[in-house]
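Input: a single structure, listed below in C-alpha cells.
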Amino acid sequence: MKTRKFVIVALISLTLGLNIGCNGDDNEPDPGPDGAAPTCTDGIRNGDEEGVDCGGSTCNACPDSSATEELEGSTSEDVTLDASVTYSLRGTYSVESGATLTIPAGTKIIAEGAEGQNTSTYIVIQKGAQIDIQGTAANPVIMTSEDEEPGDWGGLVILGDAPTTAGIDAVAEVGQLTYGGSNATDDSGSINYLIINYAGASINPESQFNGLTLYAVGSGTTIQNIALLNGTDDGVEFFGGTVNATNLYLENNEDDAIDWTEGWNGTLTNAYVLHSIEGFSTAVEADGENGNPTLTNLTAVSSTGGTAFQFKIESGATITGLSLAGYETSFDFRDNGALSNVQIEGADADPTEPYLAPATVDIASFDWVNSDTEVTTSVLEGSITSDLTLDANVSYFLSGTFSVEEGATLTIPAGTTITADVEEGEETSTYIVIQKGAQIDIQGTAANPVTMTSIEEEPGNWGGLVILGDATTTAGIDAVAEVGQLIYGGTNDTDNSGTINYLIINYAGASINPESQFNGLTLYAVGSGTTIENVALLNGTDDGVEFFGGTVDATNVYLENNEDDAIDWTEGWNGTLTNAYVSHTIEGFSTAVEADGENGNPTLVNLTAVSTTGGTAMQFKIESGATITGLSLTGYETSLDFRDGGALSNVQIDGMDSDPSQSYEADATVDISTFSWATGN
C-alpha cells in the first residue's frame, strides 16, 4: 500500500441544500404579488397573515414543521404520510401484503432507538405490498437517523415475488422475512428521489443491513433517483430479482456501494460511486451464479485506492460506459471466475486495465443530494485509447506508466497537478508517455501552470514526460527508444504531437543504467506541427530537455539545476529553441548544452546560461553543431568544448565560427522575470 504524505482536497464538491419546508406538492402556495416564489417567515408565507389577499391569491400559513409522529408496528391497509410531519421510526415498520405506503415529496423519516436496537429499526415492504415514494429533485424524501452515525439503523427493505436462486419463499438474512417467487414482472411499487443516510446496522460479523435492500424485487417496480450515503454495509444490495434502477448516487458506504447475489439480472443505469474513507473502496461486489445483469454508465471515484470491482464464484455482468478513477485494482476475480463472465464494451474484462475514462455520469445530475463530501484525487496508470480530459480540481497521482495510445489525446487544463507516487525501485517505470500518433494538450497559463512533480520531491524520483513522434531521425523509421522499448520516428517532419503551454516538470530524471536516464521532457522524433512553449524543467538528475531527432521548435524554456545537461540533442534534431534560460547552482553540474551525433544544424535564438559553480557551458560531440544568436554565458570556466574535435564552423555564433577561447559573456539576452510563473520570483 502506498503512503500518501499529504491531505487531498476537492474532485467534486456536492454541497447542496435541501428545501423541505413549504413547497411540497400538496402544500404549494400561491405566488405573492410580485410573482416570486413564496417563502416562510415566522410560519407565515411572504410575511402576511393567514388569509390576507396577495394580489388575487390567498397566502396560507406554513405547515407546522415541528409536528412529529411515530412510525412503528405494521399496517395492512394503505397509508399516506404527510410531508408537513416529521416521522420518528421506532423499531420495525412493516407494510403487509396488499397494503401500499405512500410517501409524498419532502417527507422526512428519522430512525430512533436505544443503543443495541438498531438492527430492529428499519422499514420493510413485505412480499405482495407496495411502496410509493413521490419525491422530487426540489423535495426528495429523506430517511436518516437521529444520531447521524453510520450503522444507526437498517434502512429500507423490499421483498418481492421475482425469481432468485435462493428459491420460492426464501428466508432473508434479516428478520426471517420471506421473499422470492416466479413472477419476474412483480411490482413492489415506485421510488423516486429518495435519500437514505446512516444505515447498515450490523446483525453479526457476516450479515448486515444495507441502505436499500432488494429481495427478489421484480421488473414491474420503478426505482430511480436514489442517494445512499454513509452506510456501514452496502449502499444497495440485490438478492436475485429482475428489478432495474436508474440514477443512483452512492457515497462512502463502508462495505460495497453496489452488491448483488442470487442471480440478479436487472439493469443499473447511471450510477455514481464515491469513496473517500480509507479502507473502503469497493464500487461493486457480485457473488453467486451469473444472472448477467447490465450496468450502463457507471462512474466510480476513490481517493483511497483499493479495489473497484470484485466478482466471486462465477458472477458476472455486461458493462458499458465504465469510468474508474483512483483505484489501485480495477477488477478482482477472487475465486478465479472466467474473465469472459464480465463483458466491458464487448470485450472480456482485463484486470490489468485501469479503465480510466472521462466520467460517464455527470455528478451535476445529483445536485439534489445533500452532501458536503469533497474528494480530490485520482490515480493515473495504465493506458488510454480514447480522449481523456483531466480536471484541474483533482490532485492526480501517477502510479507506474501512464500511456496515451495512438489516436487518443490527453488534455490537461490550467492549474492541474500530477504527482508521481513512486515506491522504491519503480522510478524508471513511472512516467507519462504520449505514443506515436497520440497527442497531448497542456493548457496551462502564467497564473495557473500545469505541474508535474513527485511526492518525495527528490531529483530522479520519476521519468518525466516522454513524447514520441513521426518526424525524421537519424535512428531511422520506427526506431526503438532507450526507455521502455518505445517506438518513434518516421518521415513526417510536420507531425503534430499536440500542444504544451505553461508546464512545470520537477524532480524527474530516473536512472535506467549508468549510460541511460530519463529526462524532464524527452522528445523522440517530434514534428514541427507540435507546439511547445513556456516550459520549466527543474531539479532533474539527467537532462532538462532532450531532443532525439525531429523538427519540433520550443519557445520560452527555463531550466534550473538539472544534474546532467540542461539542453541535450542527438540524432539530427533540426528545430529551433527560442528564449531559453539556464541556471546552475549545484557544484559539479554545469552543462547548459550538450549536442551529439550528426549535425542537423538546429537554431538557438537568445540563450542565457548562468553558473555559480564554474564548469563547461556547451559541449559538442562528433560533428554536431548549431546556429546560435543572442548567446549570453556567465560564470563558466569553459564556454565551448569540442570533445571529439568537430569543426568549429559547425557552430555558428552571431554569424561567425565558434571560438572556445571566447567567454561569450554578455548582457542577458533572456529576462529571467519572464519565468516568474515558474520560479515564484
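Because the structure is a prediction, the values reported are computed rather than measured. Throughout, residue positions are numbered sequentially from 1 according to the sequence presented.
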Polar contact flag, side-chain donor to acceptor under 3.5 angstrom, Tyr355-Glu345: no
Any donor-acceptor N or O pair under 3.5 Å, side chains Asp441, Gln443: yes
Distance (rounded to the nearest 0.5 Å) between Ile432 CD1 and Ser403 OG: 10.5 Å
Value rounded to 0.5 Å, distance of CG in Leu398 from CD1 in Ile455: 11.5 Å
With sequence neighbours excluded, residues passing side chain to side chain contact (heavy atoms under 4.5 Å, CB included) with Thr428: Ala510, Ile512, Phe518
Residue list, side chain to side chain contact (heavy atoms under 4.5 Å, CB included) with Ala300, at least two apart or on another chain: Val273, Ala283, Leu324, Tyr327
Ring centre gap for Phe239 and Trp264 strictly below 6.0 Å: no
Flag for Thr121-Asn118: side-chain donor and acceptor within less than 3.5 Å: no
is_close_aromatic(Phe402, Tyr431), centroid dist under 6.0 Å: no
Residue pair Tyr272 / Asp362, side-chain heavy-atom distance below 4.5 Å: no
Pair Thr329, Asp332: side-chain N/O donor-acceptor within cut-off below 3.5 Å: no
Thr232-Gln208 side chain donor-acceptor pair, cut-off 3.5 Å: no
Non-neighbouring partners of Asp256 that pass side chain to side chain donor-acceptor pair (under 3.5 Å), sequence neighbours left out: none
Glu262 versus Thr164, side-chain donor and acceptor atoms under 3.5 Å: yes
Sidechain-backbone polar pair: Asn265 side chain, Asn292 backbone, donor-acceptor under 3.5 Å: no
Verdict with reasoning, Tyr93 to Ile109, per side chain to side chain contact (heavy atoms under 4.5 Å, CB included): CA-CA 11 Å; Tyr93 183 67; Ile109 300 172; over 6 Å; no
Minimum-distance pair of heavy atoms, taken over all atoms of Glu457 and Asn461: N-OD1, 3.3 Å
Any residue meeting side chain to side chain contact (heavy atoms under 4.5 Å, CB included) with Asn225, in chain and number order, not counting sequence neighbours: Asn192, Tyr193, Asn247, Trp368
Interatomic spacing from OG in Ser188 to CD1 in Ile125 - rounded to 0.5 Å: 8.5 Å
Verdict with supporting geometry, Val535 and Ile504, side chain to side chain contact (heavy atoms under 4.5 Å, CB included): CA-CA 6 Å; Val535 178; Ile504 298 171; over 6 Å; no
Contacts of Glu285 that satisfy salt bridge (Lys or Arg N to Asp or Glu O under 4.0 Å) - sequence neighbours left out: Lys312
Distance-only donor-acceptor check, side chains Thr299 and Thr360, under 3.5 Å: yes
N/O donor to acceptor pairs below 3.5 angstrom from side-chain atoms of residues 334-342, sequence neighbours left out:
unit_1 : atom_1 : unit_2 : atom_2 : d
Asp335 : OD2    : Ile313 : N      : 2.7
Asn341 : ND2    : Glu314 : O      : 3.2
Asn341 : ND2    : Glu314 : OE1    : 2.7

Asn197 and Asn230 side chains, donor-acceptor separation under 3.5 Å: yes
Derivation of the side-chain hydrogen bond (donor to acceptor under 3.5 Å, both in side chains) call for Asn204 and Ser207: CA-CA 5 Å; Asn204 58 54; Ser207 184; 4.8 Å; no
Heavy-atom side-chain proximity of Ile412 to Met452 below 4.5 angstrom: yes
No-hydrogen, no-angle side-chain donor-acceptor test under 3.5 Å, Ser145 and Asp152: yes
Residue pair Ser276 / Asn252, side-chain donor-acceptor N/O under 3.5 Å: yes
Other residues, nucleotides, ligands: >12 heavy atoms within 6.0 Å of Gln343 CD: yes
